[in-house]
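This report refers to the structure that appears directly beneath it.
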Protein chains: 2
Amino acid sequence: MRERKITIKDVAREVGVGIGTVSRVLSGHPNVSQRTRERVLEAVARLDFTPNRLARDFARGRTQTIGVMVPSLSIYYFLEILRGVEQSVSENDYSLIIYNADRPGRALEHLNFLAKNRRVDGLVVIALAGESEWPQQFPLPVVSVDAEVPAVVTLSLDHEEGMYLATRHLIDLGHRRVAFVDRPQDPSSGAMTESRRRGYDRACAENSLIIPDTYARVADFSWQGGHEVTKELLTLPDRPTAIAFSSDMQALGAMRAVRELDLTVGEDVAITGYHGVEVAEIAGLSTVSVSAYDMGKTATDVLIRLLSGEPPAADHILFRPQLIARRTSDAERKTPLV
Amino acid sequence: MRERKITIKDVAREVGVGIGTVSRVLSGHPNVSQRTRERVLEAVARLDFTPNRLARDFARGRTQTIGVMVPSLSIYYFLEILRGVEQSVSENDYSLIIYNADRPGRALEHLNFLAKNRRVDGLVVIALAGESEWPQQFPLPVVSVDAEVPAVVTLSLDHEEGMYLATRHLIDLGHRRVAFVDRPQDPSSGAMTESRRRGYDRACAENSLIIPDTYARVADFSWQGGHEVTKELLTLPDRPTAIAFSSDMQALGAMRAVRELDLTVGEDVAITGYHGVEVAEIAGLSTVSVSAYDMGKTATDVLIRLLSGEPPAADHILFRPQLIARRTSDAERKTPLV
DNA sequence: TTGAAAGCGCTAACAC
DNA sequence: GTGTTAGCGCTTTCAA
């Protein structure tokens, strides 16, 4: 068993040059004559040599790998962003390590780990709430998408605008009793996110709607969250005729709740979702669509450019949501409910 | 700026021992006296020392990282498996690198890359068809789930049984014109997978159903695939009254198609999905449920155990699908359609 | 049980 | 341009 791996040394000996030269050729350094370069490459090919990645990473102190921190792998919206991240990573010949922060405290654990080790060259953070106090002076470049964390570049979403669009859409359709369901600011607290609430309030105010306190709710991102809160809302003495949700899954759960109460979505109760994930389209769900994939892609492009030394063109990029009206808010539309 | 990183050397000097000893303590080697161990650990804590991961990986030739190859990040079923993989990885203090094979030829590229580099210690392969010819003698341990590839351990799914269950369920409900939609064996070819077809045929045969050729179809895994094929099936002269699909997304697309044709799901046309993803539950979709999460988790547990030297208990684990009947096949059931 | 020293395979600074 | 050499920080013999 001649299992000895061939190294840069073998190549050097083969060609009759120093290992420095081989290294230069392999890393694309300019200071190598055309002739030597060719001879080296020929030998590399002949010996079927591949540089040892671990050794290179170690010597360089870089890994050609980025990390992505995601709050959950069960929420389609995040996965959509993740797809964008992966696309960029793959185009740029980087590797991608996933850090799942779906359990409380996990985010901070990951951050501490990353601060100590050199496992990744940079980090993309997805929709991470302020929950985790960051290690002071985090040593890696980070780009955040839809997250309020200290980062070199931040891609954020105008949630005020998003919820404003949804609410106004429902009001324009003639609804006067419009409820609003937010996500919890932070899984552990029950607080609302400020921005969506502002958008909702603004739309109501502009149309002189007086909203009872009971109409503004907080529910889990999941379909169960939407299901439950909808049952509550629809059994209120003065039940709303429209509900704007903060996730598509909430809205799907709501559709189910409406049915279970023998009411009809799009007629008795209008519903809007949020994020515009794939299933919203199938279900004929009106939604506030955000360019999740694009945000992930862009964030990662920016991070990788950062890693190669380019300064970012901007340190804050704002994405605007867009309203997509379908059957759940407007029964006249032809798109059928699933 | 005293930015010099502290190393194992500093710890050694601090305690007054050799670096070998520190290394032994850090790697939990047995041959260290209780006293020295304590003194070393104390110094490590005091200096806030963390071993350089890159150096360690390099010296050991291992990375404490596994890879997962997934055919797509857009198909919920795969993501469900991925969640299981991530869970195991996280429990075992490994890192996870994602290899997305959603473009043709990408799988083989990844494999070649992995064969050359030591980026990961082992590989989990998800639902990868035979499309990619593997490098002969792949140098890493691999465990496959729902995939027919050369692997140390294979977790497979009894798809024949799965489709048999779905078909028989529909027949038991009184349907005589039952259609079947498979996924393509391989994205590039239009061939059917053998096993599901066998299950379908068996159920039909047992009940003396004579099935026209036009009833067995192949369609893309996506909802668009199901949507399209359903329109075709339902405009056949002798249209089926029930359709068994190979993915839940296909089935959701079918539900939409049925509506668009002004028919009613669960009454005019019964539908079953496959995989049992989350949205199937919300939609009241009857489905053949498979333990995707468990498979991912188990596969990874096995792989990691393999990496630490334990021989696998079995080299082939078979999972059995299970039928979940809901409204789309049986209108009597209370679970409402979304 | 422990210290010393020889790698691991590559990069990069430094001479020539 | 190119060869030489000193690291990178850890693991792992090998003696003692």
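Because only heavy atoms are used, hydrogens play no part in the values below, and waters and symmetry mates are left out as well, while side chains stay in. Residue numbers begin at 1 in each chain, while the letters A, B, ... track the order of the sequences.
Rounded to an integer number of Å, the gap from NZ of Lys9(A) to C1' of dT11(C) is 14 Å. Rounded to an integer number of Å, the gap from CD1 of Ile6(B) to P of dG9(D) is 11 Å. Between Lys5(A) atom NZ and dG9(C) atom P the separation is 7 Å, expressed in whole Å. Taking atom CG of Asp57(B) as the reference point, atom P of dT11(D) lies 10 Å away to the nearest angstrom. With rounding to whole Å, Arg24(B) atom CZ is found 11 Å from dA4(C) atom P. For the pair Arg13(A) CZ and dC10(C) P, the computed distance is 13 Å after rounding to whole Å. Rounded to whole Å, atom P of dT12(D) lies 11 Å from atom CD1 of Ile8(B). Rounded to whole Å, atom P of dC10(D) lies 16 Å from atom CD of Gln64(B).
Across all strands, Asn31(B) comes closer than 4.0 Å to base atoms (heavy-atom distances). Base engagement by Ser23(B) is indicated by at least one non-hydrogen atom pair under 4.0 Å involving a base atom.
Nearest nucleotide to the side chain of His29(B), out of dT12(D), dC8(D), dG3(C): dT12(D). Listed nucleotides dT5(D), dG3(C), dT12(D) differ in distance to Ile19(A); the shortest reach to its side chain belongs to dT5(D). Comparing dT2(C), dT11(C), dT11(D) against the side chain of Arg60(A) picks out dT11(C) as the nearest.
Ion pair Glu38(A)/Arg35(A) not flagged as a salt bridge, since none of the NZ, NE, NH1 or NH2 atoms sits closer than 4.0 Å to an Asp/Glu carboxylate oxygen. Salt-bridge check for Asp102(A) with Arg106(A): failed, with every basic side-chain N at 4.0 Å or more from each acidic carboxylate O.
Between Ser27(A) and dT11(C) there is a side-chain polar atom (N or O) within less than 4.0 angstrom of OP1 or OP2. Between Thr21(A) and dG3(D), a side-chain N or O to OP1/OP2 separation shorter than 4.0 Å is present. Side-chain nitrogen and oxygen atoms of Thr36(A) include at least one within less than 4.0 Å of the OP1 or OP2 phosphate oxygen of dT2(D).
A distance of 8.0 Å separates CD1 in Ile97(A) from CG in Leu96(B), rounded to the nearest 0.5 Å.
Within the 3.5 Å criterion, the main-chain N or O of Arg119(B) finds no donor-acceptor partner in the side chain of Asn117(B).
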Decide ring pair (Phe, Tyr, Trp, His ring centres under 6.0 Å) for Tyr76(B) and Tyr76(A); before the verdict, give the C-alpha distance in whole Å, the side-chain angles of both, and the deciding distance to 0.1 Å. CA-CA 9 Å; Tyr76(B) 297 150; Tyr76(A) 297 150; 3.8 Å; yes
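Stacking annotation: Phe58(B) is not stacked on the base of dC8(D) (requires ring centroids less than 5.5 angstrom apart and an interplanar angle below 30 degrees).
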